[in-house]
Amino acid sequence: MSAVWELLALSSSLLLVVLAQGGKYSREVNEAATAGSPKRQEAGEFRVVKLNQIWEKAQRLHLSAVKLAELHSDLKIQEKDELSWKKLKAEGLDEDGEKEAKLRRNLNDSWKIKVIMTKYGMNGKKDAQLVDTNYIKDGTESDVLDDPRLEKLWSKAKTSGKFSDQELDKLWREFKHHKEKIHEYNILLETVSRTEEIHKNMINPSEEDQFKEEILHGKHTELKDKMRSINQGLDRLRKISHQGYDTASEFDEPRVIDLWDMAKSANFTEKELESFREELKHFEAKIEKHHHYQKQLEISHQKLKHVEGTGDKDHLSRNKEKYVMLEEKTKELGYKVKKHLQDLSSRLSRGLQHNEL
């Protein structure tokens, strides 16, 4: 009998050890999932599987250092949105609310992922890659604007004698930004059209499809906002190309200029408009800092490639350290710029929609 009790005691002790170890390993797994953890980085750059797959594909495609940093920022924004939704779900939504939230999230995610993949030329189409957004190269000799109207305006401005070299560089950034806006509009339009076609051909529309219709309506509003921005931008480029820059111009950065032009036509009070103006100044300073680090990252990347061929290990190690530091800083600032732009655009969109009520 005593032997039986001893066996039971031993079994209990072993069970407690296993449970304790299980708790320890569970904690380690959870801790490894937190941002910045080395174990998490070994498992993947992002906490969402499909985002890791996109990131790994991008690295296989050997995108430039600046493009990889830009993509990283876009994926970070997407990850934040998805994890925010998961947190809401974990806190407990009612059944109908959860169903609706899931439908909206899934459809929106498919759109966002499509835009990201197309933007960086990762959707299998050779001509799909969006133009460089970092303005490292001035592009005046090697790049094209893919629009006869823009080409004509740029040629006129370049030969007008109304612009200094610095102003021409600034104007070129505006032309390139306008080209990006048209490209992004076309991506969204194509995605909306495909979704509408699928929806139209469904034999037995369900309750879920009603939610999709609501989301499609929201995307049409987004398309309308983008087209408004494109038309305003083209009018601005025409005016500047003919008259030159106004010395009293508020802002230099194309994205900030867009936001300010739209803000002036939104339903803001004078106090709100002034507050928005001040926030745009901070935003422009943040963008300029980001541009600086993008330029330094590109220079560091070129230097690193050169040093790799020399065989000088010490020199290579120092350049790698500097490159990694610049890469991380560029990613961090890129995320902050994109998040700030997202917040400002949402705030502006609400003001513009209120105008139309």
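Quantities reported herein were computed from a predicted structural model and do not represent experimental measurements.
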S.K.: Do L344 and F276 have side-chain heavy atoms sitting under 4.5 Å apart?
M.R.: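 Yes. Closest side-chain heavy atoms under 4.5 Å.
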S.K.: Working note: I287 + H340, criterion side chain to side chain contact (heavy atoms under 4.5 Å, CB included); need CA distance, chi angles, decisive distance, verdict.
M.R.: CA-CA 10 Å; I287 291 174; H340 201 165; over 6 Å; no
S.K.: Ion pair present between E70 and K119, side-chain N to carboxylate O less than 4.0 angstrom?
M.R.: no
S.K.: Do E45 and H72 have side-chain atoms, one donor and one acceptor, less than 3.5 Å apart?
M.R.: yes
S.K.: Side chains of V48 and Q78, heavy atoms from C-beta outward: is any pair under 4.5 Å?
M.R.: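 With C-beta onward as the side chain, the pair stays apart.
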S.K.: Is the terminal nitrogen or CZ of K158 (NZ for Lys, CZ for Arg) located under 6.0 angstrom from the six-membered ring centre of F163 and within 45° of that ring's axis?
M.R.: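 Judged by the rule, K158 and F163 form no cation-pi pair.
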S.K.: Give, for atom CD of E174 and atom CG of D252, the distance between the pair rounded to the nearest 0.5 Å.
M.R.: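 CG of D252 is found 8.5 Å from CD of E174.
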S.K.: Taking only Lys NZ, Arg NE, NH1 and NH2, and the carboxylate oxygens of Asp or Glu, determine whether D314 and R318 approach each other closer than 4.0 Å.
M.R.: no
S.K.: Looking only at non-hydrogen atoms, find the nearest pair between Y335 and I77 and report the distance.
M.R.: CE1-CD1, 3.6 Å
S.K.: Using the rule that Ile, Leu, Val, Met, Phe, Trp and Tyr join whenever any side-chain heavy atoms are under 4.5 Å apart, tell me whether L326 and V324 fall into a single cluster.
M.R.: no
S.K.: How many angstroms lie between CG in L145 and NE2 in H178, if you round to the nearest 0.5 Å?
M.R.: 9.5 Å
S.K.: Would you tell me whether Q294 and E298 have side-chain atoms, one donor and one acceptor, within less than 3.5 Å of each other?
M.R.: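 Side chains of Q294 and E298: no pair found under 3.5 Å.
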S.K.: Between L304 and L316, is there a side-chain heavy-atom distance shorter than 4.5 Å?
M.R.: yes
S.K.: Kindly state each residue pair satisfying salt bridge (Lys or Arg N to Asp or Glu O under 4.0 Å) with at least one member in residues 280-289, sequence neighbours excluded.
M.R.: E278-K281
S.K.: Looking only at the side chains, is there a donor atom on one of K331 and S73 sitting less than 3.5 Å from an acceptor on the other?
M.R.: no
S.K.: Just how far is it from atom OG of S160 to atom CG of L171, taken to the nearest 0.5 Å?
M.R.: 9.0 Å
S.K.: Between R347 and E279, is the closest basic N to carboxylate O distance under 4.0 Å?
M.R.: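 Between R347 and E279 there is a salt bridge, with a charged N closer than 4.0 Å to a carboxylate O.
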S.K.: Would you indicate whether the side-chain heavy atoms of L168 and W154 approach each other to under 4.5 Å?
M.R.: yes
S.K.: Looking at S84 and K80, would you say the former's side chain and the latter's main chain have a donor-acceptor pair under 3.5 Å?
M.R.: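 Here the side-chain-to-backbone pair exists.
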S.K.: Looking at E222 and K219, is any side-chain nitrogen of the basic one under 4.0 Å from a carboxylate oxygen of the acidic one?
M.R.: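 The answer is yes: the pair qualifies as a salt bridge.
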S.K.: Working to the nearest 0.5 Å, report the span between NZ of K226 and CG of N231.
M.R.: 13.5 Å
S.K.: Apply side chain to side chain contact (heavy atoms under 4.5 Å, CB included) to the pair L150 and L234, showing each step before the final yes or no.
M.R.: CA-CA 8 Å; L150 297 182; L234 186 58; 3.9 Å; yes
S.K.: Test side chain to side chain contact (heavy atoms under 4.5 Å, CB included) on F283 and E253; report intermediate values, then the result.
M.R.: CA-CA 10 Å; F283 181 48; E253 164 58 38; 6.0 Å; no
S.K.: Tell me whether D165 at atom CG has more than 12 heavy atoms from other residues, nucleotides or ligands lying less than 6.0 Å away.
M.R.: no
S.K.: Any Lys/Arg nitrogen of K239 or D235 sitting under 4.0 Å from an Asp/Glu carboxylate oxygen of the other?
M.R.: no
S.K.: So, the side chain of S155 versus the backbone of K152: is there a donor-acceptor pair under 3.5 Å, distance only?
M.R.: no
S.K.: Not counting sequence neighbours, which residues clear ring-ring contact (aromatic ring centres under 6.0 Å, His included) with H220? List them please.
M.R.: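 Partners of H220 by the ring-ring contact (aromatic ring centres under 6.0 Å, His included) criterion come out as none, since no residue qualifies.
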S.K.: If every non-hydrogen atom of K162 is compared with every non-hydrogen atom of E167, which pair is closest and at what distance?
M.R.: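 Here K162 and E167 meet closest at O-OE1, 3.7 Å.
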S.K.: Mind checking whether L68 and E327 have side chains closer than 4.5 Å, heavy atoms only?
M.R.: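 Of all side-chain heavy-atom pairs linking E327 with L68, none is under 4.5 Å.
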S.K.: Can you measure from OG1 (T269) to CD (E272) and round to the nearest 0.5 angstrom?
M.R.: 3.5 Å
S.K.: Give a yes or no on whether the backbone of K271 and the side-chain of S275 come within a donor-acceptor separation of less than 3.5 Å.
M.R.: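 Judged by distance alone, no pair lies under 3.5 Å.
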S.K.: Roughly how far apart are L280 CG and W260 CH2, rounded to 0.5 Å?
M.R.: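 So the gap between those two atoms works out to 7.0 Å.
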S.K.: In terms of side-chain heavy atoms, does N319 have a donor or acceptor partner in H306 at a distance below 3.5 Å?
M.R.: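 Short answer, no.
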S.K.: Look only at the side chain of S193 and the backbone of L189, and say whether a donor-acceptor pair between them is shorter than 3.5 Å.
M.R.: yes
S.K.: On a heavy-atom basis, which atom in L297 and which in A69 lie closest, and how many Å separate them?
M.R.: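 Smallest heavy-atom distance, with atoms named: CD2-CB, 4.2 Å.
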S.K.: When you group the ILVMFWY residues by side-chain heavy-atom contacts below 4.5 Å and let the links chain together, are Y293 and I299 in the same group?
M.R.: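 Cluster IDs for I299 and Y293 differ.
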S.K.: If you compare all heavy atoms of L51 against all heavy atoms of L75, which two are closest, and at what distance to 0.1 Å?
M.R.: CD1-O, 3.6 Å
S.K.: Count I, L, V, M, F, W, Y as connected when their side-chain heavy atoms are under 4.5 Å apart, and connections chain through other members. Are I113 and L83 then in the same cluster?
M.R.: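 In one cluster: yes.
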S.K.: Apply salt bridge (charged side-chain N to carboxylate O under 4.0 Å, His left out) to residues D258 and R255 and explain how you reach the verdict.
M.R.: CA-CA 5 Å; D258 275 348; R255 282 170 288 184; over 6 Å; no
S.K.: Do the side-chain N and O atoms of Y120 and D74 include a donor-acceptor pair separated by under 3.5 angstrom?
M.R.: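 Yes - a donor-acceptor pair under 3.5 Å links their side chains.
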S.K.: Please assess R277 against E250 for the test salt bridge (charged side-chain N to carboxylate O under 4.0 Å, His left out), listing each intermediate value before the final yes or no.
M.R.: CA-CA 9 Å; R277 184 208 305 261; E250 290 267 0; 2.3 Å; yes
S.K.: Give the intermediate values and the outcome of salt bridge (charged side-chain N to carboxylate O under 4.0 Å, His left out) for residues K76 and E79.
M.R.: CA-CA 5 Å; K76 270 292 179 189; E79 180 182 54; 3.3 Å; yes
S.K.: Closest approach of L259 and S345, non-hydrogen atoms and distance?
M.R.: CD2-OG, 4.0 Å
S.K.: Closer than 4.0 angstrom, basic N to acidic O: yes or no for E332 and K336?
M.R.: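 The answer is yes: the pair qualifies as a salt bridge.
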S.K.: State, with a plain yes or no, whether a side-chain heavy atom of K176 is found less than 4.5 Å away from one of P254.
M.R.: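 Result no, sub-4.5 Å side-chain heavy-atom pair not found.
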S.K.: For the residue pair V66 and T330, establish whether any side-chain heavy-atom pair is separated by less than 4.5 Å.
M.R.: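 A side-chain contact under 4.5 Å is absent here.
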S.K.: Taking all non-hydrogen atoms of both residues, which atom of H301 and which atom of A65 are closest, and how far apart?
M.R.: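 In terms of heavy atoms, the two residues are closest at CG-CB, 3.8 Å.
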